[in-house]
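Take a look at the structure below.
For ligands, and for the atoms within them, numbers begin at 1 and follow the listed sequence. Remember, it's a predicted structure, so these values are computed and weren't measured experimentally.
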Amino acid sequence: MDEEHRFPCENCGADYRYDPARGELICDHCGDVKKIAGPGPWEGGIRELDFRTAMDNLLPLQEMEDLRVTRCPNCGAEVEFDPDSHATECPFCATPVVTDTGTHRQIKPRGVLPFAVNADAARDAMNDWLGRLWFAPNGLQEYARKGRKMQGIYVPYWTYDAQTASGYRGERGTIYYETRQVMRDGKMQTVRVQKIRWRPVSGKVARFFDDVLVLASRSLPKKYTDALQPWDLTRLEPYRPEFLAGFRAEGYQVDLDEGYSEARAIMDRQIERDVKFDIGGDQQRIHRIDTDISAVTFKHVLLPVWLAAYKYRGETYRFVVNGVSGKVQGERPWSAWKIALAVLGGLILAGGIGYAISLGQV
Ligand SMILES: [Zn+2]
Ligand SMILES: [Zn+2]
């Protein structure tokens, strides 16, 4: 059950690619356009999978796939390789890798957020962003301007749904004021002092969590992918390999239960907010929360990222662009030389003004 994300053109046999602008497959060779066929294998929307079943390794075989990947020895990314090239660069860290025929057995993606921004628009967005970085090293701006190709990559995520019911115990704090007589500057004065009265409380809250999103890749620093948020998951399409034509997909490195722990932490923070709201009053203390969690489901989804990574003086720099919104995130390298020049420029300017003033005075 190898998933090949290649679709030969019906007209000329070259490969179609998914065109973000049209939302269709296009052949760059002969211009042929092909619609992506109607309802997917999961008609009626994107079905969730049961978490317990998956954890017990009881998912039906058709939910699994073998992704043919190359593993980067530097950053550990497992990315689908381009079958036409034997040596390539890791799109995440620009380390040269030799493509091998490793496979990554994984739970099939259920949903995909198709690219909406094409490569040119992504590069323009990155150029704009870099152009604003006056202190960036020249080599970096060169790179962006000449524009080695940006790589379109579908980054793996998990989403989790769960029904939760929580019982809690805590205290509700109510602010009140006392007046006191104090001696100040030799006079008796009345002052108001804020106090809090704590009352024990207990109660219950419940919440259904829908699509708690957890990154399943370790190839990109989390601060980047976090900064690419928000993702509009309402635009998620049932997974169809056609959406991946011309792009690469990354295999997940964070497995299902690890992702679940992260999702639980996100849910727990929300439940804590719910409990505080439920306690009410002016301040809240929480002593304990017991949460029953049920009906946990999940899905593996792919989100689109345009990526440029390259090495500059031994350092890896990366730029990522949200493939739907065009929002850019990247490392902000500073050129020490440019900064020094700016400081020097400032000194010369200041010196010049001083000279002009002294001339005027003569
Ligand atoms: Zn063609
Ligand atoms: Zn790498």
Under 4.5 Å between side-chain heavy atoms, counting indirect links through other Ile/Leu/Val/Met/Phe/Trp/Tyr residues: same cluster for Met55 and Val212 or not?
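Linked, Met55 and Val212 end up in one cluster.
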
Of all residues at least two apart in sequence or in a different chain, which pass the side chain to side chain contact (heavy atoms under 4.5 Å, CB included) check with Ile196?
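Expected list: Ile175, Trp198, Gln283.
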
With sequence neighbours left out, write down each residue that passes side chain to side chain contact (heavy atoms under 4.5 Å, CB included) with Asp28, or none if nothing qualifies.
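Once residues adjacent in sequence are excluded, the partners of Asp28 under the side chain to side chain contact (heavy atoms under 4.5 Å, CB included) criterion are Arg17, Ile26.
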
Checking ring-ring contact (aromatic ring centres under 6.0 Å, His included) for the pair Phe115/Tyr154: CA distance, chi angles, key distance, verdict?
CA-CA 9 Å; Phe115 276 89; Tyr154 280 105; 5.0 Å; yes

Using a strict threshold of under 4.0 Å (side-chain N to carboxylate O), is an ion pair present between Asp120 and Arg123?
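Looking at Arg123 and Asp120, the cut-off is met.
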
Residue and atom, protein N/O/S, under 2.8 Å of the Zn ion (ligand 2):
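Per the 2.8 Å query on the Zn ion (ligand 2), atoms found are Cys72 SG, Cys75 SG, Cys90 SG, Cys93 SG.
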
Are [X] and [Y] close enough that some pair of their side-chain heavy atoms sits under 4.5 Å apart?
{"X": "Arg180", "Y": "Glu178", "result": "yes"}
{"X": "Asp32", "Y": "Tyr16", "result": "yes"}
{"X": "Ile293", "Y": "Phe209", "result": "no"}

With rounding to the nearest 0.5 angstrom, report the OH to CG distance, Tyr157 to Leu236.
12.5 Å

Listing by chain and number, which protein N, O or S atoms are under 2.8 Å from the Zn ion (ligand 1)?
Cys9 SG, Cys12 SG, Cys27 SG, Cys30 SG

